[in-house]
Amino acid sequence: MDAAHVHSARRVRDADHPNHPSPSGRASRANHAGWVAPGALDAFAASLPARLGATISGVHGCVTWLRGDEALFGSIELAEPAMPAHGAQTISARPLPIEIATIEAYDALFGCLEAYGYPYLARVWNFVPDIIGEQDGHERYRLFNSARQAAFAAARRVVTGDVPAATGIGLDERTLRIHFIATRVRPMPIENPRQVSAFHYPVQYGPKSPTFARAVVVPFRSGPVLLVSGTASIVGHETVHRGDVVAQTRETLENLRAVVAEANRRIGGAAFSLAALAKRIYIRNASDFDAVRGVVDGCAGEEDAPRHAVRADICRPDLLVEIEASGDGRTVAAGS
């Protein structure tokens with residue numbers, strides 16, 4: 001493949017314009033608190049390396065990583081090749097640039113997990129250039145989904161059920177950026193009873209379904225952590241409240257509540273609170289920031305955690321807002 005690698009120990013200045021120094025290419029003690037800077041992810045997720053004592057950093061191919069006993073935190077940045085290549089079996093007759101970059105990135109990701117002994121991919125953030133644009137007559141997000149699923153299959157990973165939480169958001173540039181968390185303990189995937197699981201979406205959303213769970217709970221030694229995927233105004237598998245950003249935001253919060261409730265039901269011994277989860281809000285139109293913030297602020301509770309909003313393209317043209325969240329849960333005694 002002719003995809004250009006951009007190797008680095010990456011620190012993100014902001015969500016849309018990352019800038020990273022070049023790596024040494026060797027494992028070393030990390031001199032920063034996390035694998036991304038504040039603002040690149042929600043505040044809790046960005047703080048996890050420090051919380052879990054991940055202090056060793058290094059590079060494995062195009063993956064830059066930070067790791068500790070329980071988890072590995074990685075970043076990948078790949079420019080799409082200028083011309084299609086041949087060889088992969090994906091959505092199109094010949095693999096297109098976004099497919100090539102996606103397959104190369106996920107091949108590298110899984111190779112890194114195998115090399116360092118972190119078998120479970122728990123959480124992924126996919127920042128996909130021009131996510132709802134087209135390439136050779138195909139929607140780019142559908143091409144990405146096809147290539148991602150092909151990479152999972154090539155790594156002998158399941159593509160339904162026991163899959164990671166994930167976000168897929170659009171960028172206004174031609175560089176695919178992926179951040180991820182891998183663990184040595186198996187995460188518990190969580191689905192939303194209000195929604196069809198993304199990996200079971202009907203073919204109208206593309207020939208290959210998205211490979212992600214609505215959330216995962218990771219049972220770290222210090223306590224369980226809930227990592228909620230990018231969540232939007234979808235009921236069943238359909239977008240609802242088209243054109244109404246306020247109603248979409250309210251529906252998104254209802255979906256988040258449902259995911260949190262399902263996580264609490266599944267894990268039993270911990271209690272997560274939506275108000276206590278850090279949130280990152282993606283908003284399609286800059287003119288909608290105040291309206292979205294007004295709805296989210298109106299639902300804030302006494303425990304309300306950090307949250308911030310950024311402008312971004314959502315993976316469906318009719319979705320106006322998406323929210324992801326993460327946080328830890330307090331342990332509760334049996335029968336309480």
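Sequence positions, counted from 1, serve as the residue numbers for this chain.
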Main-chain N/O of A182 paired with R67 side-chain donor or acceptor, under 3.5 Å: no
Full working for side chain to side chain contact (heavy atoms under 4.5 Å, CB included) between E80 and L176: CA-CA 7 Å; E80 294 180 29; L176 174 67; 5.6 Å; no
E262 (side chain) donor-acceptor with P193 (main chain) under 3.5 angstrom: no
Separation of Q248 CD from T239 OG1 (nearest 0.5 Å): 7.0 Å
Evaluation steps, side chain to side chain contact (heavy atoms under 4.5 Å, CB included), between L121 and R157: CA-CA 10 Å; L121 182 59; R157 301 232 168 195; 4.2 Å; yes
Joint cluster assignment, V259 & M188, ILVMFWY side-chain distance < 4.5 Å: yes
Partners passing side chain to side chain contact (heavy atoms under 4.5 Å, CB included) against V245 (at least two apart in sequence or in another chain): T249, D288, A291, V292, L320
Any donor-acceptor pair under 3.5 Å from K279 side chain to L277 backbone: yes
Hydrophobic cluster identity match, V159 and F180, side-chain contacts under 4.5 Å: yes
Straight-line distance of L48 CG to S326 OG, nearest 0.5 Å: 6.5 Å
Heavy-atom pair with the smallest gap, counting every atom of F110 and A151: CE1-O, 3.9 Å
pair R140-I98: side-chain heavy atoms closer than 4.5 Å: yes
Distance-only donor-acceptor check, side chains S233 and H241, under 3.5 Å: no
S197/E191 under side-chain hydrogen bond (donor to acceptor under 3.5 Å, both in side chains): CA gap, chis, key distance, verdict: CA-CA 6 Å; S197 296; E191 293 302 316; 3.0 Å; yes
Nearest-0.5 Å distance that lies between atom CZ in R265 and atom CD1 in I190: 8.5 Å
Donor-acceptor side-chain pairing of N126 and Y106 below 3.5 angstrom: yes
Any donor-acceptor N/O pair, R284 side chain to L319 backbone, under 3.5 Å: yes
Transitive ILVMFWY side-chain link V63 to I56, under 4.5 Å: yes
Atom of F44, atom of D42 and distance for their closest heavy-atom approach: N-OD1, 3.1 Å
Residue pairs, two or more places apart or on separate chains, that pass ring-ring contact (aromatic ring centres under 6.0 Å, His included) and touch residues 190-213: Y201-Y205, Y205-H237
Working for side chain to side chain contact (heavy atoms under 4.5 Å, CB included), residues V260 and N264: CA-CA 6 Å; V260 171; N264 285 333; 3.9 Å; yes
S229 side-chain N/O to A213 backbone N/O, donor-acceptor pair under 3.5 Å: yes
I169 CD1 to C315 SG distance, which is reported to the nearest 0.5 Å: 7.0 Å
Nearest heavy atoms of G329 and F272, plus distance in Å: N-CE2, 3.2 Å
Min side-chain heavy-atom separation V225-V217 under 4.5 Å: no
Smallest separation among heavy atoms of A108 and C62, with atom names: CB-SG, 3.4 Å
Check: N255 side chain, I234 main-chain N or O, donor-acceptor pair, under 3.5 Å: yes
No-hydrogen, no-angle side-chain donor-acceptor test under 3.5 Å, R142 and N145: no
Cluster check Y120, Y116: I/L/V/M/F/W/Y, side chain < 4.5 angstrom: no
Donor-acceptor contact below 3.5 Å, side chain Q149 vs main chain S146: no
Gap between atom CZ of F127 and atom NE2 of H179 - 0.5 Å precision: 5.5 Å
Note: D313-R311 ion pair, threshold 4.0 Å (strictly below): yes
Least distance between heavy atoms, L226 atom then A263 atom: CD1-CB, 3.9 Å
ILVMFWY network linking V163 to L227, side-chain heavy atoms under 4.5 angstrom: no
Sequence neighbours excluded, every pair satisfying side chain to side chain donor-acceptor pair (under 3.5 Å) that has a member inside residues 181-190: D162-R186
Ion pair R194/E251, N-O distance below 4.0 Å: yes
Side chain to side chain contact (heavy atoms under 4.5 Å, CB included) assessment of V310 paired with R280: CA-CA 8 Å; V310 295; R280 192 168 198 239; 3.7 Å; yes
Side chain to side chain, V216 and P164, heavy atoms closer than 4.5 Å: no
Where P187 and A122 come nearest, the two heavy atoms and their spacing: CG-CB, 3.8 Å
Within residues 117-133 or reaching into it, pairs that qualify as salt bridge (Lys or Arg N to Asp or Glu O under 4.0 Å) - sequence neighbours excluded: R123-E324
Pairing residues for F73 by the ring-ring contact (aromatic ring centres under 6.0 Å, His included) criterion, not counting sequence neighbours: W35
I178 side chain near W125 side chain, heavy-atom distance below 4.5 Å: no
Gap separating the CD1 atom of I314 from the CD1 atom of I132, nearest 0.5 angstrom: 9.0 Å
Pairs meeting criterion salt bridge (Lys or Arg N to Asp or Glu O under 4.0 Å) with involvement of residues 225-244, two or more places apart: R242-D318
Any side-chain heavy-atom pair of L78 and E104 under 4.5 Å: yes
Heavy-atom donor-acceptor pair, E70 side chain to L52 backbone, under 3.5 Å: no
P224 side chain near I267 side chain, heavy-atom distance below 4.5 Å: yes
